[in-house]
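Scroll down for the structure; my scribbles are underneath it.
Ligands are counted one by one from 1 in listed order, and the atoms in each one are counted from 1 as well. The residues of the chain are indexed from 1 along the displayed sequence. The analysis underlying the following values was restricted to heavy atoms, covering all of them including side chains, and did not include hydrogens, waters or symmetry mates.
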Amino acid sequence: MLLHKIDELRSVRREWAGLSVGLVPTMGALHEGHLSLIKKAKETCDKVIVSVFVNPIQFGPSEDYDKYPRTLDRDTELCQKEGVDIVFAPSPDEMYGGGRLSNDTLTYVCPPFFYVNKLCGKSRVGHFDGVCTVVLKLFNIVQPDYAFFGQKDAQQVVIVKKMVKDLNVPVEIIQCPIVREESGLALSSRNKYLSEAGKKDALVLSAILNNIKLCYNRGITDVSALKETAYGFLTDKHDLEYLEILDKNTLEEKKNADNDSIALIACRVDGVRLIDNMYLGG
Ligand code: PAF
């Protein structure tokens, strides 16, 4: 069932009293990564709702909001095949009203500076305010018992978990593993923008992370030394934005990596900003 209105969603949701409900929040352009979240939601919950909403307030002024792929017919078909109960695809007006979208006029959820002032949050100022605001709105609209997020956006999952804990939101966050192409490239809606050559150049992200993990497994724990191993992989085709090794739960910096560490990378390839990450332990 495809619904666009909050009231319609609420009235169907009311009929599900006593059943467990899972939400998979997405911006559409669904790929195997999203489908893995939907499959996990289907295994875990009686009813599954997938939201498809390209959230304007998480895009910066120079980012790809207008250009972001919108494929609702295909997304709805894929969801139907997976047995999703509701695809919820509101318009920006339905979510935010018709007014100007700014924190002068709208109530925003602002996650702590410590969590946003690093990794993607450093170059995407305000991004995680936009993410937390829409995610909390979706939680309030859908009232799910579980919500499913991909490890691909590791910083996002840590920040959403923190919001849920700090604001006592009664939702359990389930994190699902990254899905990769056979080549190692992590699936992303933005991979569509890559040329064939760009797709090959993009393999550098997973190659760097795999090599860091290999070095860690061989006994190198010094974070600076582990990060330096990346430079052998980078060419003039790669514009590295960050490479960090942090605590996977708290995003704290460490001098020495351990089994709770995560390596995270963002790199622009072929004009496309790509991110990836890998746990060093396990
Ligand atoms: O990860 C995403 O696709 C988005 O950030 C989310 C969680 C759907 C919020 O718009």
Side-chain angles (χ1 to χ4, degrees), residues 4 6 9 22-38 40-41 48-60 63-72 74-76 78-79 84 86-96 101 106 108-111 115-116 119-121 123-142 144 146-164 167 169 171-179 186-193 264 266 272-277:
H4 297 286
I6 295 169
L9 180 103
L23 170 68
V24 182
T26 81
M27 297 205 299
L30 301 185
H31 52 63
E32 285 298 327
H34 297 109
L35 298 189
S36 75
L37 303 180
I38 294 172
K40 181 73 185 169
V48 173
I49 299 179
V50 173
S51 60
V52 174
F53 179 61
V54 185
N55 175 32
I57 67 166
Q58 70 185 72
F59 288 79
E63 292 181 356
D64 56 350
Y65 173 68
D66 290 327
K67 183 167 151 243
Y68 198 86
R70 285 161 173 86
T71 56
L72 184 59
R74 187 178 163 275
D75 294 343
T76 309
L78 286 172
C79 287
V84 166
I86 295 179
V87 175
F88 177 52
S91 65
D93 279 6
E94 181 69 8
M95 286 298 274
Y96 295 117
L101 298 179
L106 265 184
Y108 272 65
V109 180
C110 300
Y115 290 77
V116 298
L119 305 170
C120 296
S123 64
R124 305 190 71 189
V125 175
H127 170 69
F128 288 110
D129 298 7
V131 169
C132 283
T133 303
V134 81
V135 168
L136 187 62
K137 281 171 73 74
L138 289 167
F139 287 174
N140 285 333
I141 293 165
V142 172
Y146 301 91
F148 297 81
F149 291 83
Q151 184 201 316
K152 166 86 181 350
D153 295 301
Q155 186 178 17
Q156 170 171 278
V157 189
V158 170
I159 288 175
V160 168
K161 281 187 175 162
K162 175 81 177 140
M163 172 187 80
V164 160
L167 301 182
V169 186
V171 178
E172 189 174 327
I173 305 299
I174 312 273
Q175 179 179 298
C176 303
I178 297 178
V179 180
L187 297 194
S188 160
S189 306
R190 292 193 168 95
N191 291 353
K192 285 196 173 75
Y193 304 146
L264 310 103
V272 185
R273 184 178 179 277
L274 299 172
I275 59 171
D276 198 353
N277 67 76

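Take K137 and apply the side chain to side chain contact (heavy atoms under 4.5 Å, CB included) test, not counting sequence neighbours, and it matches M95, Y96, T133. For the side chain to side chain contact (heavy atoms under 4.5 Å, CB included) test, residues two or more places apart in sequence or in another chain that qualify with D129 are Y108, C110, P111.
Side-chain contact between L23 and F88 is absent, with no heavy atoms from C-beta onward closer than 4.5 Å. You'll find the side chain of F53 stays beyond 4.5 Å of the side chain of P25, heavy atoms only. A heavy-atom distance below 4.5 Å is found between the side chains of R124 and R273.
Those atoms of ligand 1 that come under 4.0 Å of a heavy atom in T26, given as number and element, are 8 (C). Using a 4.0 Å cut-off to heavy atoms of V134, the atoms of ligand 1 that qualify are 9 (C), 10 (O).
Of the listed residues (H34, M27, Q58), the one carrying the non-hydrogen atom nearest atom 10 (O) of ligand 1 is Q58.
For ligand 1, none of its N or O atoms has an N or O atom of N55 under 3.5 Å away. For ligand 1, the polar-atom distance check against Q156 finds a nitrogen or oxygen pair separated by under 3.5 Å.
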